[in-house]
Amino acid sequence: MRDRNVIAWAIVSMFGFIAINFLMSRPFIHSANVQMTMAEFWHTTLIAVILYMIPIIMAALNWKPSFYFMGLVIALYTLSPISVLFNMWIDSGASVMIKMLMSAFSLALMWGNAYWLVLALRLRKKQQDHADRKRFGH
């Protein structure tokens with residue numbers, strides 16, 4: 001397993017957040033709590049891209065602690081699909097089909113973020129084992 005798998009899944013997470021954020025800003029959601037203008041959508045998208053790209057670039061430059069920062073960013077942006085689930089089933093007046101599709105997309109995004117965590121932990125374990133072998137000569 002290489003760093004690029006972890007980076008690729010971080011990029012998938014970023015685009016998943018942008019897509020779900022865009023969908024939640026559409027009028028077919030019928031939610032009183034989600035009244036996002038396109039200006040607000042672009043503002044939150046810009047913040048997300050910056051927060052994701054900083055650790056992605058640092059990871060591409062082989063700075064190992066960047067994965068800790070990337071984990072923090074992904075954990076933060078995992079709250080969004082959780083919020084979507086609550087908003088869709090508690091507050092939204094959308095059709096059941098829309099609720100089901102948005103819920104499926106949210107669950108898929110949470111699964112992708114969890115998979116990123118598994119990949120990152122495997123990478124960390126592999127790096128630690130390599131460092132231990134190098135340090136102790138095994």
Side-chain angles (χ1 to χ4, degrees):
M1 208 224 11
R2 296 195 282 236
D3 294 3
R4 69 178 174 195
N5 291 338
V6 177
I7 294 170
W9 276 96
I11 292 170
V12 167
S13 175
M14 178 181 68
F15 282 112
F17 167 77
I18 292 169
I20 209 162
N21 195 30
F22 177 75
L23 291 172
M24 287 301 288
S25 71
R26 305 292 56 174
F28 61 80
I29 296 301
H30 300 294
S31 177
N33 288 334
V34 181
Q35 298 295 323
M36 185 184 302
T37 66
M38 283 309 286
E40 292 169 328
F41 164 75
W42 286 113
H43 180 76
T44 58
T45 298
L46 179 63
I47 291 170
V49 168
I50 290 169
L51 285 176
Y52 271 98
M53 291 311 290
I54 290 171
I56 287 171
I57 290 169
M58 290 187 314
L61 295 173
N62 207 26
W63 190 62
K64 298 302 180 198
S66 64
F67 291 109
Y68 295 109
F69 182 49
M70 194 181 302
L72 181 64
V73 170
I74 289 179
L76 175 70
Y77 282 99
T78 300
L79 296 175
S80 179
I82 293 169
S83 173
V84 168
L85 285 173
F86 283 113
N87 278 324
M88 291 309 299
W89 291 102
I90 294 172
D91 185 51
S92 177
S95 71
V96 173
M97 181 60 84
I98 299 278
K99 290 179 180 184
M100 297 283 285
L101 289 172
M102 290 298 291
S103 297
F105 188 46
S106 295
L107 292 171
L109 183 56
M110 287 188 286
W111 177 88
N113 289 350
Y115 185 66
W116 176 90
L117 179 62
V118 168
L119 291 176
L121 289 173
R122 286 181 188 167
L123 178 64
R124 172 71 176 119
K125 173 90 169 99
K126 183 179 175 184
Q127 290 171 345
Q128 189 64 44
D129 290 346
H130 177 70
D132 287 346
R133 280 191 305 275
K134 196 174 186 181
R135 183 175 172 190
F136 298 115
H138 289 93

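Computation of the quantities below employed the complete heavy-atom set of this structure, encompassing side-chain atoms and omitting hydrogens, waters and symmetry-equivalent molecules.
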Considering only distance and modelled atom types, tabulate donor-acceptor pairs under 3.5 Å from the side chains of residues 69-78, sequence neighbours left out.
| from | atom 1 | to | atom 2 | distance (Å) |
| --- | --- | --- | --- | --- |
| Thr78 | OG1 | Ile74 | O | 2.6 |
| Thr78 | OG1 | Asn113 | ND2 | 2.8 |

List in chain and number order the residues that pass side-chain contact (heavy atoms from CB on, under 4.5 Å) with Pro27, two or more places apart in sequence or in another chain; answer none if no residue qualifies.
-> none

For Ser66, the side chain to side chain donor-acceptor pair (under 3.5 Å) test, sequence neighbours excluded, returns none

Who passes side-chain contact (heavy atoms from CB on, under 4.5 Å) against Val49, sequence neighbours left out?
-> Met14, Ile18, Thr45, Met53

CZ/Arg26 to CG/Leu23 distance, rounded to the nearest 0.5 angstrom?
-> 8.5 Å

Between atom CG of Asn87 and atom CD1 of Ile82, what is the distance when rounded to the nearest 0.5 Å?
-> 12.5 Å

Which heavy atom of Trp116 sits nearest a heavy atom of Phe67, and at what distance?
-> CH2-O, 3.7 Å

Could I get the full list of ring pair (Phe, Tyr, Trp, His ring centres under 6.0 Å) partners for Phe41, not counting sequence neighbours?
-> Phe22

Heavy-atom neighbours of Phe86 CZ exceed 12 at 6.0 Å | no

Shortest non-hydrogen contact from Ile7 to Ala60?
-> CD1-N, 3.9 Å

Residue pair Leu46, Trp42: steps toward the side chain to side chain contact (heavy atoms under 4.5 Å, CB included) verdict | CA-CA 6 Å; Leu46 179 63; Trp42 286 113; over 6 Å; no

Residues at least two apart in sequence or cross-chain that pass side-chain contact (heavy atoms from CB on, under 4.5 Å) with Leu61, listed by chain then number, are Ile57

Do Tyr52 and Ile11 come within less than 4.5 Å of each other through their side chains, counting heavy atoms only?
-> no

Go through the structure and list residues passing side chain to side chain donor-acceptor pair (under 3.5 Å) with Tyr68, not counting sequence neighbours.
-> Arg124

For residues 93-109, please give each side-chain donor-acceptor pair under 3.5 Å, one per line with the distance, not counting sequence neighbours.
| from | atom 1 | to | atom 2 | distance (Å) |
| --- | --- | --- | --- | --- |
| Ser95 | OG | Ile98 | N | 3.3 |
| Lys99 | NZ | Ser92 | O | 3.3 |
| Ser103 | OG | Trp89 | NE1 | 2.5 |
| Ser103 | OG | Lys99 | O | 2.7 |
| Ser106 | OG | Met102 | O | 2.9 |

Does any pair with a residue in residues 14-23 pass side chain to side chain donor-acceptor pair (under 3.5 Å), and if so which ones, sequence neighbours excluded?
-> Asn21-Thr44

Separation between CZ of Arg133 and CD of Gln128, rounded to the nearest 0.5 Å | 10.5 Å

